[in-house]
Amino acid sequence: EAGVVQSPRYKIIEKKQPVAFWCNPISGHNTLYWYRQNLGQGPELLIRYENEEAVDDSQLPKDRFSAERLKGVDSTLKIQPAELGDSAVYLCASSLRAGVSYNEQFFGPGTRLTVL
Amino acid sequence: GENVEQHPSTLSVQEGDSAVIKCTYSDSASNYFPWYKQELGKRPQLIIDIRSNVGEKKDQRIAVTLNKTAKHFSLHITETQPEDSAVYFCAAKSPRPGNTPLVFGKGTRLSVIA
């Protein structure tokens, strides 16, 4: 079974440029998460989807970040315009259904973003 | 919302010794506590988890203990090996509506010295 797939793995851009990350969750997983992981820190949730609905986006900086999961499967996270402080690893994760208490989250390999 | 504190931030042990990482959480309703291992440049992977209805769980050289009264849980690794070197994250999940499903600690960088 394929795991969570993310692309690209690495991205280097100049500040003020736009950037997009793509994630394909494990087949059958209804819940999809986008996390940001700064160097030396734990993952911090940006947004959580239940199918195509964003049910928790309280940590998403909505002035420059946006996300979509139109068909309830793969998802795209966008930053426009990027700032120096956005440099981090962006992790996607999926689980069967967040409403069930003990669902393991499976992480993708992440996209390492460097903003120059 | 939930807040998870993790200590220590770095830990060095000799091969064969034990390592202990401790976490505290703030929401007494939290009921699920996973531990993730993240090797350099790789994704976090679940290594063990514990639910609030048990106090201890073991899986070979890894064990986790939970003290609900004190709101803390710990990861114990015995007979450490160089391949145990990684960053370990604890996390806590609260079932309260509207809460972030999983809140992570800041991580512990474990170095096992051969």
Side-chain angles (χ1 to χ4, degrees), chain A residues 2-7 9-10 21 23-26 29-50 53-60 88-114, chain B residues 1-10 21 23 25 27 29-54 57 59 64 66 75 86-110:
Chain A
V4 177
V5 179
Q6 288 188 249
S7 69
R9 293 293 313 277
Y10 305 91
F21 315 123
C23 172
N24 189 264
I26 292 173
H29 281 193
N30 303 105
T31 308
L32 183 146
Y33 313 77
W34 281 104
Y35 289 89
R36 177 168 56 192
Q37 185 175 26
N38 292 309
L39 189 65
Q41 302 291 317
E44 295 178 326
L45 184 72
L46 291 173
I47 190 168
R48 172 171 65 98
Y49 282 92
E50 292 287 345
E53 182 182 1
V55 296
D56 184 353
D57 63 355
S58 57
Q59 303 300 315
L60 191 72
V89 175
Y90 291 83
L91 292 164
C92 179
S94 71
S95 64
L96 276 171
R97 185 163 57 89
V100 178
S101 295
Y102 310 130
N103 271 326
E104 177 181 354
Q105 291 186 24
F106 294 83
F107 284 86
T111 296
R112 182 176 297 276
L113 174 67
T114 301
Chain B
E2 176 64 274
N3 182 50
V4 176
E5 299 284 341
Q6 183 171 348
H7 301 280
S9 57
T10 59
I21 303 171
C23 289
Y25 60 99
D27 188 344
S30 289
N31 58 5
Y32 175 60
F33 308 92
W35 286 86
Y36 284 81
K37 175 183 181 182
Q38 188 174 27
E39 297 178 22
L40 189 63
K42 297 190 177 180
R43 72 191 75 190
Q45 291 194 301
L46 182 73
I47 55 171
I48 195 168
D49 56 15
I50 190 167
R51 298 164 190 177
S52 58
N53 58 346
V54 299
K57 182 177 179 181
D59 182 3
V64 58
L66 171 65
L75 177 71
V87 179
Y88 292 80
F89 295 98
C90 63
K93 177 182 168 67
S94 169
R96 294 188 196 274
N99 272 12
T100 300
L102 205 59
V103 177
F104 287 85
K106 294 189 183 300
T108 296
R109 182 175 299 280
L110 174 65

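With rounding to the nearest 0.5 Å, the separation of NZ in B:Lys106 from CD in A:Glu44 is 6.5 Å. For the atom pair B:Gln38 CD and A:Leu91 CG, the distance stands at 6.5 Å (nearest 0.5 Å). For the atom pair A:Gln41 CD and B:Phe104 CZ, the distance stands at 13.5 Å (nearest 0.5 Å). In this structure, the separation between CG on B:Leu102 and CD on A:Gln105 is 5.0 Å, given to the nearest 0.5 Å. In this structure, the separation between CZ on A:Phe106 and CG on B:Leu46 is 7.5 Å, given to the nearest 0.5 Å.
A pairwise comparison of heavy atoms in B:Gly41 and A:Arg9 identifies O-NH2, 4.1 Å as the closest pair. Residues A:Glu104 and B:Tyr36 approach most closely at CG-OH, 4.4 Å, considering heavy atoms.
Heavy-atom distances place no part of B:Gln45 under 4.5 Å from chain A, backbone and side chain included. With a threshold of 4.5 angstrom between heavy atoms, B:Pro44 approaches chain A through its backbone and through its side chain.
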Stepwise side-chain contact (heavy atoms from CB on, under 4.5 Å) check, B:Phe89 with A:Gln37: CA-CA 12 Å; B:Phe89 295 98; A:Gln37 185 175 26; 3.2 Å; yes
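Between chain B and the residues A:Gly110, A:Gly108, A:Ala93, the largest count of heavy-atom pairs under 4.5 Å involves A:Gly108.
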